[in-house]
Visitor: 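Quick one: this structure, given as structure tokens, is what I'll be asking you about.
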Amino acid sequence: MQKDTLVFDLIRKELDRQRNGIELIASENFTSLQVMQAMGTVPTNKYAEGYPGKRYYGGCEVVDEIENIAIDRLKKIFNASWANVQPHSGASANAAVFLAVMKPGEKFLGLDLSMGGHLTHGSPANFSGKTYQALHYGVTKEGIVDYDQLEAKARAEKPKMIICGASAYSRDWDYKRIRAVADEVGAIVFADIAHPAGLIASGLLNDPFDHCHIVSSTTHKTLRGPRGGIITLRHDFENPWGIKDPKGNLRTMSQLLDLAVFPGSQGGPLEHVIAAKAVAFGEILSEDFKAYGKQVIANAQAMAAAFNKRGYQLISNGTDNHLMLIDLRNKNLTGKKAQETLDKAHITLNKNAVPFDDKSPFVTSGIRVGVPAITTRGLKEPHMETVVHLIDRVLMNADDEKEVAAVKGEVSAFMQQFPLYPELG
Ligand SMILES: *Cc1c(COP(=O)(O)O)cnc(C)c1O
């Protein structure tokens, strides 16, 4: 068979793009070479519907071992009693959680998308908002989750489930407080830790597991694994809500969740991706990963200070985790203009609505900036000053093509110090 140079040349081009740019998209990271290598392997050929030891196909003895390693390592990372590693993505994991515990039309409460929440937490454009009755809480003027509002809505509406977690929120969560009001109204607490999971795994942020009944995550953000999703429980439980499986039998929460992933919402698992998850989970269990998490937080703090020094307005005035949200209105820039101009200088980030934004989601008043990817590349605190300096030069000279082009050259030269996948030539 002839090699498909059209596609492989583009893959090579994408590698060069990743090498030459400053990657600040808060949801992105660079996996290790071995995680990537595991993904491009023969388990992609295997059908394995079902779970280890209970498959609908023959020849699953090897992929059973792979999936069991992924499950065991994941349980160890979060001190969990049960884990499902099959969700194809974070959104698929969340779809399974909804399917497991909610009937169509039932109420749930989640953080508003325009205040930092995720599509799968009740956006009208998403299955979660279309199938279920979505209610929302927001953040205060200071940009902190409005727990008073969350409690008031929970008491008034008695939702079946309360979701905590966000895509654009720079502060830690008070899981204990959410669980207390949930217990009062009989709600399930579901934490979606897609963004900060790696920092939670390293013990650097509040632990959601003792307070939240169900926890889901992506595997490709701060966990630095392949693209994918997971669902975990620290404590399995006979469900006091009397939730039944599709056949009408009472089940434990782990059984309901397993059934909701397969056959509820997915077919065959991606065993090559599960192999890569297993490799990534092995890396997370090493001491190196804890050092990585600490560096992520140190870099985020240094970056926040560098932005502050230049008069940028950080939502909530700072960050506890790996990202920050910046309101650009005092700089007379929109998020859209900032994203597009920075892209020309090979500095990649995304426009983002800020709380109480007066601009449309396509324009926005803000940008979201994250450090997980540049931390993986080896940048340390002093480099954050350089990165913010380059960003500021672009934003303050957004209509000066020459200056933006000059920064692009400097960005590429700067990033040569931090080799990415040198083994790939
Ligand atoms: C990224 C994210 C997801 C979805 O992940 P995908 O893998 O893109 O489907 C879900 N929830 C939150 C909070 C996220 O930030």
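Order of listing sets the numbers, starting from 1, for every ligand and every atom in it. In this text, all values refer to a predicted model and were calculated from it rather than measured experimentally.
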Visitor: Protein residues near ligand 1, heavy-atom distance below 4.0 Å?
Guide: Ser89, Gly90, Ala91, Asn94, His118, Ala166, Ser167, Asp192, Ala194, His195, Thr218, His220, Lys221

Visitor: Quick one: closest heavy-atom pair of Ile66 and Ile274, and the distance?
Guide: CG2-C, 4.3 Å

Visitor: Do Arg224's NZ or CZ and the ring of Tyr292 fall within the cation-pi criteria of under 6.0 Å and 45°?
Guide: yes

Visitor: If you look only at pairs with a residue in residues 327-352, which of them pass as a ring pair (Phe, Tyr, Trp, His ring centres under 6.0 Å), with sequence neighbours excluded?
Guide: none

Visitor: Check for me whether Lys107 meets the cation-pi criterion with Tyr132, that is, NZ or CZ under 6.0 Å from the six-membered ring centre and within 45 degrees of the ring axis.
Guide: no

Visitor: Establish, yes or no, whether a centroid distance under 6.0 Å links the rings of Phe281 and Phe78.
Guide: no

Visitor: Where do Val181 and Tyr147 land on the side chain to side chain contact (heavy atoms under 4.5 Å, CB included) test, with the steps shown first?
Guide: CA-CA 10 Å; Val181 73; Tyr147 292 97; over 6 Å; no

